[in-house]
Protein chains: 2
Amino acid sequence: MVILGIDPGSLKTGYGLIDVEGHVSQHMSHGVIHLKEFKQLADKLSCLYEKISHVILEFQPQHCAIEKVFYSKNAQSMLKLGEARSVSLLAAIHKGVAIYEYTPLEVKQAAVGIGNAPKEQVQRMIQVILKLSNPPFEDAADALAIAMCHAQTYKFKERIDRAC
Amino acid sequence: MVILGIDPGSLKTGYGLIDVEGHVSQHMSHGVIHLKEFKQLADKLSCLYEKISHVILEFQPQHCAIEKVFYSKNAQSMLKLGEARSVSLLAAIHKGVAIYEYTPLEVKQAAVGIGNAPKEQVQRMIQVILKLSNPPFEDAADALAIAMCHAQTYKFKERIDRAC
């Protein structure tokens, strides 16, 4: 099963794709969509939608995992985060990809084993787990961590469902 | 020129359409898209996108006006507002409708003449200006007020452009 993880942001949105077979998760791709250059909101939203749609068409994920967000520095940041989040999700929804949400705590616990792990630790752990030659950039590492979190949670849920 | 005004919200999104010919603005349609019933975020975003797309297909607006938002009661409200806002905008962008943004102060000053006018006054003024038999529901009245604000601002901007 191919999982797309998304770490949305109004200036940079990270994405990461893993292929999960049984207990093995293999890295497929990751990247960062840069949105800072866009002065017009319409151009920014449009670019983000197109880029995520393109990634989905190329790698054909069945599931998309994204972080649930609760707090941010200020109201404007939350508004912009909501905009980036929903546009990314809509691209997935329009391609028939199922959506799953996880809290930042769940993501870090699944990827690093510590809920309050610093960013660098997440990058390093993702590099080790997915056998990458270099640690991915921060936003892409977070996106891969979200995908890894879903892979673990989903497998666990499936085992419970089979046992019932 | 047909203008679509949108008052986005995660529980209710209002829309209003006016047809502007010279100094005359005629009411075309208005309504409220109810989103409270949706438990899943994917269903909510998808429904909002489809409904706004449908309104655009039916009334063929050239411009879409929406409120700029700065503050809200809490971070979660801002996140959800951002989600509803960008999904509405994306529906317009995908249909080639140009986007314009106005502050709440600009909208109320244009529609009622007072920046801090209460909701009821906006509803009543919209009813009078657009010759409606009843005041529209709050969210739809706000959406019509946003469309009216754009009609006035755009005409003024056009006159300045012609004079230069």
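Just so we're on the same page: letters track the sequence lines, and every chain starts at 1.
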Peer 1: Determine, using the 4.5 Å side-chain heavy-atom cutoff (strictly less than), whether Ile18(A) and Phe59(A) are members of one ILVMFWY cluster.
Peer 2: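 Not linked; separate clusters.
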
Peer 1: For Glu101(B), is it the side chain, the backbone, both or neither that has a heavy atom under 4.5 Å from a heavy atom of chain A?
Peer 2: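 Only the side chain of Glu101(B) comes within 4.5 Å of chain A.
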
Peer 1: How many angstroms lie between atom CG of Leu81(A) and atom CE of Met78(B), to the nearest 0.5 angstrom?
Peer 2: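 With rounding to 0.5 Å, CG (Leu81(A)) is 11.5 Å from CE (Met78(B)).
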
Peer 1: Would you please test Leu90(A) and Leu90(B) for side-chain contact (heavy atoms from CB on, under 4.5 Å) and show each step?
Peer 2: CA-CA 9 Å; Leu90(A) 205 64; Leu90(B) 205 64; 3.7 Å; yes

Peer 1: Check whether Ile99(B) and Leu79(A) end up in the same hydrophobic cluster, where Ile, Leu, Val, Met, Phe, Trp and Tyr are linked by side-chain heavy atoms less than 4.5 Å apart.
Peer 2: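 No; Leu79(A) is not reachable from Ile99(B) via cluster members.
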
Peer 1: Provide the closest heavy-atom pair for Gly82(A) versus Ser86(B) in the form atom of the first, atom of the second, distance.
Peer 2: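 Looks like O-OG, 4.2 Å.
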
Peer 1: Under 4.5 Å heavy-atom distance to chain A, tell me which part of Leu45(B) shows up: side chain, backbone, both or neither.
Peer 2: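 Both the backbone and the side chain of Leu45(B) come within 4.5 Å of chain A.
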
Peer 1: Taking the side chain from Gln76(B) and the backbone from Val69(A), do they hold a donor-acceptor pair closer than 3.5 Å?
Peer 2: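 The answer is yes, because a donor-acceptor pair under 3.5 Å joins these two groups.
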
Peer 1: Taking atom NZ of Lys12(B) as the centre, does the number of heavy atoms from other residues, nucleotides or ligands within less than 6.0 Å exceed 12?
Peer 2: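 No, not enclosed.
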
Peer 1: More than 12 non-hydrogen atoms from neighbouring residues, nucleotides or ligands closer than 6.0 Å to NZ on Lys44(A), yes or no?
Peer 2: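 It does: Lys44(A) NZ has more than 12 such atoms within range.
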
Peer 1: Using the rule that two of Ile, Leu, Val, Met, Phe, Trp, Tyr join whenever any of their side-chain heavy atoms come within less than 4.5 Å, decide whether Leu144(B) and Leu17(B) are in one cluster.
Peer 2: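 Looking at the clustering, Leu17(B) is in a separate group from Leu144(B).
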
